[in-house]
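Beneath this line is the structure, given in structure tokens, with notes to follow.
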Amino acid sequence: MIRFGPQVCGSLDESSRREWLVTDGVGGYAMGTVAGLRTRRYHGLLVVAITGPADRMLGLVALEPVLVVGDARHRLGVDEWSGGVVDPRGNELLVAFELEDGVPRWRWQIGDIVVERELAMAYGRPAVGIVHRLVSAGRPVRLELTPLSTWRSVHGERFADGDPAVESVDGGFVFERAFRVAGGAWQGGGSWYRGIRAREEAARGLNDVEDVWAAGSFAAELEAGDVHELTAAAAPFDGVLPQASEIVAGARKRARDLIARAAAADDIDAQLTLAADQFTITTGGRPTAVAGYPWFGEWSRDLMTSYEGLYLATGREDEGREVLRTSAATLSEGMLANTADTGALEYNTVDGTLWFVHALDRHVATADDAELADELAPAVEQVVEAHLAGTRFGIGADPADGLLRQGAAGWALTWMDARVDGEPVTPRAGKPVEVNALWVRTLAVAARIARTPEKREKYAALAERAQASFVGRFVRGHGRGLYDVVDGPAGDDAAVRPNQLLAVSLPDGPLADDETAARAVVEACRPLLTPLGPRSLALTDPAYAPYHRGSPAQRDRAYHQGTVWPWLVGPYVDAARRAGLAAEPLLAPLEAHLADWGVGSVSETADGAPPHAATGCAFQAWSVAELLRVRKEVPVAATAALAAR
């Protein structure tokens, strides 16, 4: 359990910067702040994935409670308006927030009256259940709930443009034929709440106001121990909606089952297991993962980088097997599709395909799944042969040294992929260090699983050559670590970045078995380290940006120029372990971060400058996955058996 008391809850600054998230397993979610203040356009109690996680609509925005005691009305909601005024300020009556079994719980107190709210989503369908319970009271009280509603893309806003179509139905209403809300005694009517403000959008340089529809109210007379249940579900909704209490109970049971299946060693493993589950979804009949909440959809690079933590460290190998199969089916010209956020498959990454081969090998080794290796061996061979011949965006093996080059005007193809006005901030054209570490790894995997002795021999020789070339080209000597890019348009790039950690951390990495070289890499990256993970660029570099804040362009320029990336703690810890150095104490600050921002999860990024305030997505797949992975140290015992086939 993660718990906050009245000092955090009662402070709007403290409670509104901490966000909670629950998900439905099909790409939708409910999300907000501990305070109840909506600080993002993405916050809401029913966010529906229409055709997939890249196509989400916001429906039920909020449910504003009022507790009527005699003649007094106590408003428990929190709203900020376009002028900056916050009214009501119900968080001042909030005495506790808890996250237990992945279910958020709020508790308000007015004298001897205590009321609490629990909220969960049904698994496998876009439906949310919200339960209010009168925990204690010396007399009956009246609970009134005003549902704030809209129907618009999570990435935009909506403004009053005539009254929306709201149909009263038994026990509630249907909003614009898009979603239904059922909660018992319903009084129709409604009006626009104009000028609701989302302060985090202003901080991101975006529009921060919109209008929402207050669609009537639900009401219930309660005595101590009584509950009120409300369910909201997206169309199609046939028959009676599920009871909110059943949704909450089902979410708790599923959480306990997930923790048991993952064989969580402690409370942090258990919480990270639940956090990992928030990203794993099924859409279009296939399993996949969301890269981050609230604004990312599917990204194959993130999925494959996160694969071990999301699937292998949580005991979900069967599900992971289908992820690898369906991902392999997107191969084209030896490249894995990276995104489908625009409605079509996009092949725009040099490393996502190589991460796929890494994920496959880790799956085969961990799950002892030689059958899948045989099945996907042709896919791996296709990857290798296409990269040897050359594929999109100048991606191909250099015949001179066997290393992998990449680069095309206007594209940023590595994980450092930010662009401003169509121009890449870090194009890294040439031969990036982590790409070539992954390339050596890919060739080694191909040599193990190739279908014929001739191909195994061929790929093994290519891996050996690429590794030798890597050592000859990337090692800077005198303990200075590795170049970030070699053979670029301006020559070799000696910028100190954490990418070089992959050369040591990866199984089959070009320096994985060289403890001296591993120590040099770790020493070179040590100045990058912060409590939340490595910075993406050295403090001493002229291009270093200490803060990841401001307008979209300002944030993108800083994204990989000093911003901290928690997912890189995984490669750092692995590299330190291979260098014979103690690394476990480095995890403690990230474990504490579970209560800092995205409650129970790990953020996408953080400022490079102290105190390293979290930025980006509050809930990020590879940040969670890598922390969970290195804590659990997924075994590799089956690797030798596979190599002997």
Side-chain angles (χ1 to χ4, degrees), residues 289 291 299-313 317 320-321 323-328 330-331 334-338 349-367 369-370 372-373 375-377 379-384 386-387 395 404 406 413-415 432-450 459-460 462-463 466-467 470 498-513 567-568 570-575 578 621-622 625-626 628-630 632-636 638-639 642-643:
W299 290 65
S300 290
R301 174 195 286 127
D302 296 60
L303 171 60
M304 295 306 160
T305 307
S306 306
Y307 182 86
E308 282 188 81
L310 296 186
Y311 297 101
L312 302 184
E317 292 89 351
R321 178 183 242 256
V323 168
L324 295 171
R325 279 175 163 163
T326 56
S327 296
T330 71
L331 281 171
M335 295 178 66
L336 200 72
N338 186 32
T349 163
V350 65
D351 50 354
T353 309
L354 308 181
W355 277 113
F356 160 74
V357 178
H358 167 76
L360 171 62
D361 184 71
R362 297 301 299 122
H363 174 94
V364 171
T366 302
D369 194 351
L372 186 64
E375 179 183 335
L376 295 186
V380 174
E381 292 174 19
Q382 180 189 150
V383 167
V384 172
H387 283 68
I395 298 170
L404 204 63
Q406 63 89 37
L413 301 169
T414 73
W415 78 275
V433 63
E434 83 285 5
V435 170
N436 278 282
L438 284 160
W439 174 236
V440 172
R441 164 82 163 135
T442 295
L443 292 170
V445 174
R448 285 198 289 273
I449 69 174
Y459 297 150
L462 288 169
Q467 180 176 10
F470 185 99
N499 302 308
Q500 61 187 293
L501 292 166
L502 274 295
V504 179
S505 66
L506 288 170
D508 303 313
L511 301 178
D513 297 325
W567 81 268
L568 288 165
Y572 192 100
V573 167
D574 284 340
R578 290 186 185 275
W622 58 10
E626 281 295 274
L628 180 57
R629 179 187 66 80
V630 295
K632 298 198 74 168
E633 293 185 318
V634 179
V636 294
T639 302
L642 177 62

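Judged by distance alone, the side chain of R578 and the main-chain N or O of V504 form a donor-acceptor pair under 3.5 Å. A donor-acceptor contact shorter than 3.5 Å is absent between the side chain of T366 and the backbone of H363. In this structure, the side chain of N338 does not engage the main chain of W299 through any donor-acceptor pair within 3.5 Å.
Taken to the nearest 0.5 Å, the OG1 atom of T353 stands 5.0 Å off from the NE2 atom of H387. Between the CG atom in L360 and the CD1 atom in I449 there is a gap of 5.0 Å [rounded to 0.5 Å]. Taking CZ of R441 as the reference point, atom CG of L506 lies at 6.5 Å (rounded to 0.5 Å). Taking CE from M335 and CG from L354, the interatomic distance works out to 9.5 Å, rounded to the nearest 0.5 Å. One finds the CZ atom of R362 at 12.5 Å from the CG atom of L324 (value rounded to the nearest 0.5 Å). Atom CD of E626 sits about 7.5 Å away from atom OG1 of T305, to the nearest 0.5 Å.
With sequence neighbours left out, H358 forms a ring pair (Phe, Tyr, Trp, His ring centres under 6.0 Å) with W355. Under the ring pair (Phe, Tyr, Trp, His ring centres under 6.0 Å) criterion, Y572 pairs with no residue at all, not counting sequence neighbours. When the side chain to side chain donor-acceptor pair (under 3.5 Å) test is applied to E317, no partner is found at least two apart in sequence or on another chain. With sequence neighbours excluded, no residue satisfies side chain to side chain donor-acceptor pair (under 3.5 Å) with Q382. Under the ring pair (Phe, Tyr, Trp, His ring centres under 6.0 Å) criterion, Y311 pairs with Y307, sequence neighbours left out. Scanning for side-chain contact (heavy atoms from CB on, under 4.5 Å) contacts around A625 gives S306, L310, with sequence neighbours left out. For T349, the side chain to side chain donor-acceptor pair (under 3.5 Å) partners at least two apart in sequence or on another chain are R301, D351. A search for side-chain contact (heavy atoms from CB on, under 4.5 Å) contacts involving A444 returns R448, D508, not counting sequence neighbours. Taking E434 as the reference, T414, W415, R428, P432, N499, L502 meet the side-chain contact (heavy atoms from CB on, under 4.5 Å) condition, with sequence neighbours excluded. Applying the side-chain contact (heavy atoms from CB on, under 4.5 Å) criterion to A337, with sequence neighbours excluded, gives T330, L345, Y347.
Closest approach of A575 to S505, counting heavy atoms only: N-CB, 4.0 Å. When all heavy atoms are compared, the tightest approach of L568 to L501 is O-CD1, 4.4 Å. Closest approach of L628 and G309 over heavy atoms only: CD2-O, 3.5 Å. Taking all atoms of both residues into account, the shortest heavy-atom contact from F470 to A437 is CE1-N, 4.0 Å. Between L336 and G352 the shortest heavy-atom distance is CD2-O, 4.1 Å. In terms of heavy-atom proximity, A463 sits nearest to L443 at CB-CB, 3.6 Å.
Counting heavy atoms from C-beta outward, M304 and V357 have side chains that stay 4.5 Å or more apart.
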